[in-house]
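The analysis underlying the following values was restricted to heavy atoms, covering all of them including side chains, and did not include hydrogens, waters or symmetry mates. Remember, it's 1-based here, ligands and their atoms both numbered in the order they're listed.
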Amino acid sequence: MNTPMRLSIPLLLALVALVCVSFQNPASAAETPNIVLIYGDDVGYGDLTCYGAAEGLTPNLDRIAAEGLRFTDAHCSSATCTPSRFSLLTGMYAFRQKGVQILSGAAGAAIMPGTPTVAGMLQGAGYKTAVVGKWHLGLGDDKGADWNGDVKPGPLEIGFDYSFLIPATGDRVPCVYLEDHRVVGLDPADPIFVHYGKGDFDGGPQGIDHPDGLKMMFSHGHNQTIVNGISRIGRMRGGTAALWKDEDMADTITEKAIAFIEREKDRPFFLYFSFHDIHVPRVPHERFVGKSGMGPRGDAIAQMDWCVGQVLDKLEALGLKDNTLVIYSSDNGPVLDDGYEDEAVEKLGKHEPAGPFRGGKYSAFEAGTRVPLLVRWPEHVEAGTVSDALVSQVDFFASFAALTGQEVKAGAAPDSEDHLAVLIGKSKEGRTELVEQAKQLSLRMGAWKYIEPAKGPAINANTNTELGVAPEPQLYDLSQDPGEMKNLANKMPDKTAEMKKRLEEIRNP
Ligand code: NG6
Ligand code: CA
């Protein structure tokens with residue numbers, strides 16, 4: 001006869017404790033949803049309808065917000081692209097590595113093989129990983145890339161299984177796509193040569209010499225090699241058959257992103273889908289032209305939103321909606337005239353790209369890094385919710401590691417904090433402090449913001465952006481003064497000194 005199993009009191013207590021611990025610790029209840037991280041370029045806090053823009057401008061992004069969580073105090077790590085992307089992928093503040101600034105299109109890889117990345121970490125959890133779209137983190141060794149051979153190191157050497165890239169930006173040469181290691185459609189008889197900086201170089205017709213025939217006139221910079229009727233930053237020649245057409249760019253990268261989702265639908269995948277929109281040159285496909293009533297910048301927002309819709313529809317059609325964590329954010333704040341005459345200023349109307357915040361792209365004021373952040377994961381993230389927690393893209397690394405039960409190895413992702421619970425709306429206790437990077441560094445501690453003194457002009461005259469640059473320290477209380485108008489540094493010298501000291505400690509740990 002079987003003896004009935006008897007649970008002793010200590011065993012029972014131990015079991016209860018175990019259950020409690022596994023509820024508290026997301027890592028022990030690891031899950032591997034697909035992760036689709038959609039990254040807009042230069043999209044400001046106020047550029048989406050769900051953040052205050054006109055009704056009907058971004059229905060698909062609003063769908064993510066309605067079905068998920070919308071953040072009001074979320075940040076990219078920097079007010080420009082390269083450093084923000086660097087931090088997002090490595091979990092490290094970009095100021096820690098020399099030279100991680102807006103890169104030229106000829107720059108070598110900023111993230112060298114061996115550096116832990118969020119993609120590599122997810123590979124370790126069994127994910128198939130891809131980056132599709134804008135890269136702008138450099139390619140090749142310190143001499144740059146060989147565009148006619150294997151272009152590496154690049155994403156495939158730091159944790160991505162597949163890549164389809166706009167190598168730098170839409171406004172920088174070379175104006176070709178790169179699939180894995182190769183330029184797409186390159187005719188070996190017409191090799192590509194790329195040149196940045198001064199010196200003799202045959203880069204074909206230049207905007208500066210031939211402004212008349214341009215499709216879109218440059219306003220500052222952007223007057224070098226002409227590709228598809230638009231002059232760019234940098235010079236290139238060759239690769240004629242491989243040159244992109246700006247009007248088709250959003251469709252091209254969306255097709256590639258969707259093909260990846262289809263290929264990997266049966267296993268966990270991580271897709272970093274990085275838009276060109278709404279960066280300059282803003283040349284959306286003709287079906288979006290005139291759609292927003294705000295000129296090319298608004299039309300690029302509409303196009304971007306359509307791309308988001310394509311991804312959402314595909315996930316739904318494949319039955320992946322419930323098992324996919326969809327995240328949308330941006331790499332820096334908004335800018336209107338960023339180098340082309342595209343009527344962004346003239347046709348703005350009542351639209352407020354920066355929302356209630358001061359500054360924009362390039363700026364130390366909040367609009368530099370405070371960007372939209374939307375998170376959808378049905379059945380995990382409560383629909384239609386809003387979080388005011390302070391969060392940063394630098395935390396994606398540790399948070400996704402916690403989600404998937406991966407250990408963050410010693411020395412990896414040094415600035416990344418696990419805020420998984422915040423990202424999926426289970427907690428409102430976000431970061432207690434965060435560094436924001438522009439030309440200078442700023443420190444957030446709760447609602448307090450300290451901007452360190454810096455030299456240089458207070459306004460970027462080209463883009464008409466207030467940069468937050470001042471020779472004296474600035475201290476703002478964002479709870480009373482979200483627009484950073486009242487500098488309290490002189491009134492509150494102790495608080496200012498405390499934050500200055502803390503910023504130094506973070507800078508030199
Ligand atoms: C600036 C460019 C700007 C944009 C920016 C990078 C000029 C005058 N301005 O140097 O147009 O390309 O770099 O933008 O060349 S980012 O979003 O990739 O950081
Ligand atoms: Ca950008």
Side-chain angles (χ1 to χ4, degrees), residues 38-45 47 75-89 94 99-107 110 133-139 165-175 196-197 206-208 216-225 227 230-235 246 249 272-283 296-297 300-301 304 328-342 344-345 353-354 359-364 367-372 393 436-439 456-457 459-465 467:
I38 307 178
Y39 212 40
D41 196 353
D42 298 358
V43 179
Y45 187 91
D47 276 324
H75 294 256
C76 46
S77 90
S78 165
T80 53
C81 157
T82 302
S84 285
R85 286 158 202 262
F86 179 92
S87 298
L88 182 153
L89 289 180
V100 183
Q101 293 295 340
I102 298 175
L103 293 178
S104 95
K134 174 173 171 176
W135 183 240
H136 209 189
L137 283 164
L139 291 159
L165 305 180
I166 297 158
T169 63
D171 57 352
R172 284 173 174 72
V173 302
C175 301
Y196 277 80
Q206 311 286 300
I208 187 140
M216 185 180 266
M217 184 60 188
F218 54 86
S219 55
H220 52 268
H222 305 95
N223 56 12
Q224 296 181 282
T225 292
V227 174
I230 300 163
S231 51
R232 318 274 168 165
I233 306 172
R235 289 178 279 172
D246 304 74
M249 190 175 265
Y272 167 41
F273 187 12
S274 168
F275 292 159
H276 157 71
D277 289 318
I278 57 170
H279 198 280
V280 297
R282 301 172 182 127
V283 194
R297 186 174 185 279
I301 296 178
M304 165 183 76
Y328 172 86
S329 200
S330 173
D331 71 337
N332 51 249
V335 59
L336 295 175
D337 178 352
D338 205 17
Y340 294 94
E341 290 180 1
D342 62 7
V345 177
K361 181 176 182 177
Y362 311 113
S363 176
T369 63
R370 198 187 291 215
V371 288
Q393 294 163 8
E436 300 176 13
Q437 180 183 343
K439 176 180 185 175
I459 291 184
N460 179 330
N462 286 331
T463 60
N464 193 24
T465 310
L467 296 173

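- Contacts with ligand 1 closer than 4.0 Å are made by no heavy atom of Thr82, backbone or side chain.
- Judged by distance alone, with hydrogens and angles left aside, the side-chain atoms of Ser84 form a donor-acceptor pair with the main-chain N or O of Ser78 at under 3.5 Å.
- Between Ser274 and the options Lys134, His136, Arg85, a side chain to side chain donor-acceptor pair (under 3.5 Å) holds for only Arg85.
- Asp331 places a side-chain N or O within donor-acceptor distance of the main-chain N or O of Asp42, the cut-off being under 3.5 Å.
- Close N/O approach between Arg172 and ligand 1 is found [any backbone or side-chain N/O within under 3.5 Å].
- The shortest separation from a heavy atom of Phe218 to ligand 1 is not under 4.0 Å, leaving the residue out of contact.
- The closest donor-acceptor contact from the side chain of His222 to the backbone of His220 lies under 3.5 Å.
- Ligand-side atoms of ligand 1 in range of Asp41: 17 (O), range being under 4.0 angstrom from any heavy atom.
- With hydrogens and angles ignored, the 3.5 Å screen pairs no side-chain donor or acceptor of Arg370 with any backbone N or O of Gly333.
- The shortest N or O to N or O distance between Cys81 and ligand 1 is under 3.5 Å.
- Near Thr169, the atoms of ligand 1 lying under 4.0 angstrom from a non-hydrogen atom of the residue are 18 (O).
- Counting heavy atoms closer than 4.0 Å to ligand 1, residue Asn462 contributes nothing at all.
- Atoms of ligand 1 lying under 4.0 Å from any heavy atom of Tyr362, numbered from 1 in the order shown and given with element: 1 (C), 3 (C), 4 (C), 5 (C).
- No donor-acceptor pair under 3.5 Å is formed between the side chain of Tyr272 and the backbone N or O of Gly133.
- Using a 4.0 Å cut-off between heavy atoms, Tyr340 makes no contact with ligand 1 at all.
- Short contacts between ligand 1 and His220, defined as distances under 4.0 Å to a heavy atom of the residue, involve ligand atoms 8 (C).
- Looking only at its N/O/S atoms, Asp42 has OD1 as the one nearest to the Ca ion (ligand 2).
- Across Ser329 and Gln393, no two heavy atoms sit closer than the pair OG-NE2, 2.9 Å.
- The side chain of Lys134, and not its backbone, has at least one atom closer than 4.0 Å to an atom of ligand 1 (non-hydrogen atoms only; side chain from C-beta on).
- Near Asn332, with a cut-off below 4.0 Å to any heavy atom, the atoms of ligand 1 are 17 (O).
- At the Ca ion (ligand 2), the angle from OD1 in Asp41 to OD1 in Asp331 is 80° when rounded to 10°.
- Nearest to atom 15 (O) of ligand 1 among the protein's heavy atoms is Ile233 CD1, 3.3 Å.
- When distances to the Ca ion (ligand 2) are checked against a cut-off of 3.0 Å, Ser330 contributes no N, O or S atom below that limit.
- Closest heavy-atom contact between Pro334 and Ala367: CD-O, 3.7 Å.
- Looking at atom 7 (C) of ligand 1, its nearest protein heavy atom turns out to be His222 CE1, 3.7 Å.
- Atoms of ligand 1 found under 4.0 Å from any heavy atom of Asp338 (numbered from 1 in listed order, with element): 3 (C), 4 (C), 11 (O).
- Of the polar atoms of His136, at least one N or O is found under 3.5 Å from an N or O of ligand 1, judged by distance alone.
- The only option from Asn332, Thr80, Asp338 that meets the side chain to side chain donor-acceptor pair (under 3.5 Å) definition with Lys361 turns out to be Asp338.
- Under 4.0 Å from ligand 1, the heavy atoms of Asp171 that appear belong solely to its side chain.
- Listed for the Thr465 side chain is no donor-acceptor partner under 3.5 Å among the backbone atoms of Leu467.
- Crowding of Asn462 atom CG: a count of heavy atoms from other residues, nucleotides or ligands under 6.0 Å exceeding 12.
- Heavy-atom proximity to Lys361, at under 4.0 Å, picks out these atoms of ligand 1: 4 (C), 5 (C), 6 (C), 14 (O), 16 (S), 17 (O), 19 (O).
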